[in-house]
Amino acid sequence: MSDASDVIIVGAGLAGLVAATEAADAGRAVTVVEQEGPQSLGGQAYWSFGGLFLVDSPEQRRMGISDSAELAWQDWTGSAGFDRPEDHWPRQWARAYLDFAAGEKRAWLHAMGVRFFPVVGWAERGGYTAQGHGNSVPRFHITWGTGPGICEPFVARLLDHAAAGRITMAFRHRVDGLTVHDGAVTGVHGARLARSTTPRGAPSTREVVGDFELSAGAVIVTSGGIGGNQDLVRAAWPDRLGTPPEHMITGVPAHVDGRMLALTEAAGGRVINRDRMWHYVEGITNWDPIWPDHGIRILPGPSSLWLDATGSRLPVPLFPGFDTLGTLAHLRTTGHDYSWFVLNQAIIEKEFALSGSEQNPDLTGRSITGVLGRLKKGATAPVEAFKRDGVDFVVADDLTELVAGMNRVTGDDLITEAGLRSVVEARDREVVNTFTKDLQITAMRGARAYLGDKLIRVATPAPILDPANGPLIAVRLHVVTRKTLGGLETDLSARVLSDAGAPVPGLFAAGEVAGFGGGGMHGYRSLEGTFLGGCLFSGRQAGRAAAGR
């Protein structure tokens, strides 16, 4: 391996793959340094559901969805809540990314062979005013092939460049510092780790077998966030979200450790919006884990009753799928680290999906037959496996049995049969009436006005306690760590900025380590489908800018 390149990429996740291939396309000699083995190419993106935020797409138009860049920007700013002086570059990145999502993003991916599931999903529905948080229309485009389907074209491009000698892969190389000369970043140095054959996502050995030092004209940091390091998550936890949970589960592999944030700071880069983060509250313990404390997120439809640990319904509009961080902030006031979905078999069959490529073998495997099977009676096989083997699931024929099971799972005995019966029966009385004052039922009926939701996402409103829709199901939900919304401050050329606001010569950043652009282009909240898209856009910006340096 040559000790000199034009560009060094630190991290072989999606942003790193995009940056490397863009720089190599421009004729630069690129070295990709990655602490994991080749089995981990694509990083977190490989494990994702493959959702991408697109605006005014052909898929939307076919579903009768009227969207525009102006409406999307209204939704973005209403969700982001930019309110700090350091939000200057995040706001610029947000506008640039939205123009990309409404412009060439789909055509760029389509030219590389990326295709989308025809039904557009409606994530983060908000439930507030027109200028508040949430997507006004469905924008969540599921990649045909999920996360691996997004990674594949960039892995193929990378391998082609590697075969031609333009990209060198340095696997099992852990960066321990950036090399700085006369104020400019000129390379990286660190430890060579022992070869590891552990499966993708599983913890690998950190045995050191040597060291290395590489130099380059530019270094692009694409190392991801802090979601695999619960200590860093707790240290950055903001007061506005209450106290951090004593118990959380982890939604990303352990190698998502946040090390490069501190190392890049030491080289002169500035981290902003450290307290902005995105964690889900519909997490369930993986019965077949790959990494430590492995959690899976339920992607819920709007019909399950959401209760706190004592059995009280969550306030409006904290319904399933409406406001992730609003729900997290509320639940942190309850004094408990978990909450509950209460539903029945009819709802779980229509409304439960699980985030992750491995939890959606039909979409990941591009099986049309498998996807059509979702229209048949019964939940998907992965959902049924969790219902059968998951420690957080309770299945019962009646409410008495359900309450006993819920209390057995937690050991807290906080749920009473009289209390739960009162909540469920009150809801059921409303759902059989043409009229209702229950805004969750109004939201369910409104969702079914969208053909995509009516077909595959939202159950027909009906009483939960109707035996014909049984059995009854309760699911204990945990906080599951996921995304870092703040990060290294970058300008629109992805150059890392110093505390003085000037670019650090030779230093670039992209992906989650840069808050997906600028040090936090989402502001306080995400509209979903924007994490993979942020890696694509910022990686492209960084690769092209570093190549032209």
Side-chain angles (χ1 to χ4, degrees), residues 249 280-289 294-314 319-321 336-356 359-361 373-374 376-428 431 440 444 457-478 480:
I249 53 181
Y280 294 110
V281 279
E282 311 100 330
I284 50 177
T285 307
N286 194 345
W287 64 272
D288 187 19
H294 189 170
I296 297 293
R297 184 207 175 193
I298 295 171
L299 302 171
S303 302
S304 298
L305 272 178
W306 204 335
L307 312 178
D308 67 20
T310 68
S312 297
R313 279 184 75 175
L314 272 55
F319 313 134
H336 300 278
D337 290 348
Y338 65 90
S339 61
W340 290 100
F341 278 164
V342 171
L343 59 152
N344 57 28
Q345 183 66 23
I347 293 174
I348 203 171
E349 288 181 5
K350 192 72 174 279
E351 298 197 3
F352 266 37
L354 301 173
S355 183
Q359 300 298 332
N360 296 275
R374 295 189 181 221
K376 299 177 181 178
K377 185 174 178 56
T380 65
V383 169
E384 286 292 345
F386 268 91
K387 198 180 84 175
R388 181 185 64 246
D389 299 323
V391 297
D392 297 312
F393 282 70
V394 180
V395 181
D397 291 326
D398 57 50
L399 208 60
T400 302
E401 184 185 353
L402 190 74
V403 169
M406 293 167 74
N407 287 328
R408 184 170 58 251
V409 164
T410 65
D412 293 337
D413 292 332
L414 296 176
I415 305 296
T416 67
E417 182 178 348
L420 184 58
R421 186 175 297 277
S422 174
V423 168
V424 178
E425 288 183 346
R427 179 264 188 202
D428 283 0
V431 81
Q440 183 174 4
M444 291 155 49
R457 197 71 179 116
V458 182
T460 302
I464 288 176
L465 294 179
D466 185 345
N469 294 324
L472 298 174
I473 301 166
V475 186
R476 178 178 56 174
L477 306 172
H478 311 269
V480 55

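Because only heavy atoms are used, hydrogens play no part in the values below, and waters and symmetry mates are left out as well, while side chains stay in. Worth saying up front: this structure is predicted, and the values here are computed from it rather than measured. One-based numbering along the sequence shown.
- Every residue was checked against the side-chain contact (heavy atoms from CB on, under 4.5 Å) condition with Ser422, not counting sequence neighbours, and none meets it.
- Every pair passing salt bridge (charged side-chain N to carboxylate O under 4.0 Å, His left out) that includes a residue from residues 414-425 is listed here, sequence neighbours excluded: Glu417-Arg421, Arg421-Glu425, Glu425-Arg429.
- Between Leu354 and Leu299 there is no side-chain heavy-atom pair separated by less than 4.5 Å.
- Using a 4.5 Å heavy-atom cutoff, the side chains of Asn360 and Pro382 are not in contact.
- Minimum heavy-atom separation, Val458 to Pro302: CG2-CD, 3.6 Å.
- Side-chain contact check for Phe341 versus Ile284: every heavy-atom pair is 4.5 Å or farther apart.
- Identified under the side-chain hydrogen bond (donor to acceptor under 3.5 Å, both in side chains) test for residues 404-416, with sequence neighbours left out: Tyr338-Asp412.
- Proximity of Val431 to Pro463: side-chain heavy atoms (C-beta onward) are separated by under 4.5 Å at one or more points.
- Between the CZ atom of Phe319 and the CE atom of Met444 there is a distance of 10.0 Å, given to the nearest 0.5 Å.
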Mind listing the side-chain donor-acceptor pairs of residues 304-312 below 3.5 Å, one per line with the distance, residues two or more places apart or on another chain?
residue: Trp306; atom: NE1; partner: Ser339; partner atom: OG; Å: 3.0
residue: Asp308; atom: OD1; partner: Thr310; partner atom: N; Å: 2.9
residue: Asp308; atom: OD1; partner: Thr310; partner atom: OG1; Å: 2.7
residue: Asp308; atom: OD1; partner: Gly311; partner atom: N; Å: 3.1
residue: Asp308; atom: OD1; partner: Ser312; partner atom: N; Å: 3.1

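- A distance of 10.5 Å separates CG of Leu399 from CD1 of Ile415, quoted to the nearest 0.5 Å.
- When all heavy atoms of Ala346 and Ala459 are compared, the pair lying nearest together is O-CB, 4.2 Å.
- Using a 3.5 Å distance cut-off with no hydrogens or angles, the side chains of Arg427 and Gln440 do not pair a donor with an acceptor.
- To the nearest 0.5 Å, atom CD1 of residue Ile348 and atom CD of residue Glu384 are 6.5 Å apart.
- One finds the CD atom of Gln359 at 8.5 Å from the OG1 atom of Thr380 (value rounded to the nearest 0.5 Å).
- Counting all heavy atoms, side chain and backbone alike, Asp398 lies closest to Glu401 at OD1-N, 2.7 Å.
- Under the 4.5 Å side-chain criterion, counting only non-hydrogen atoms from C-beta, Phe386 is in contact with Asn286.
- In this structure, the separation between CD on Glu351 and CZ on Arg457 is 7.0 Å, given to the nearest 0.5 Å.
- Among all heavy-atom pairs drawn from Gly321 and Pro300, the shortest one is N-CG, 3.9 Å.
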Sequence neighbours left out, cut at 3.5 Å: what donor-acceptor pairs do the side chains of residues 464-477 make with other protein atoms?
residue: Asp466; atom: OD1; partner: Ala468; partner atom: N; Å: 2.9
residue: Arg476; atom: NE; partner: Asp392; partner atom: OD1; Å: 2.8
residue: Arg476; atom: NH2; partner: Asp392; partner atom: OD1; Å: 2.8

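- For the pair Leu343 and Phe352, the tightest heavy-atom approach, listed with the atom from each and the gap, is CD1-CE1, 3.7 Å.
- Not a single side chain to side chain donor-acceptor pair (under 3.5 Å) links His336 to another residue, sequence neighbours left out.
- In this structure, Gln345 and Ala379 approach most closely via the heavy-atom pair NE2-N, 4.4 Å.
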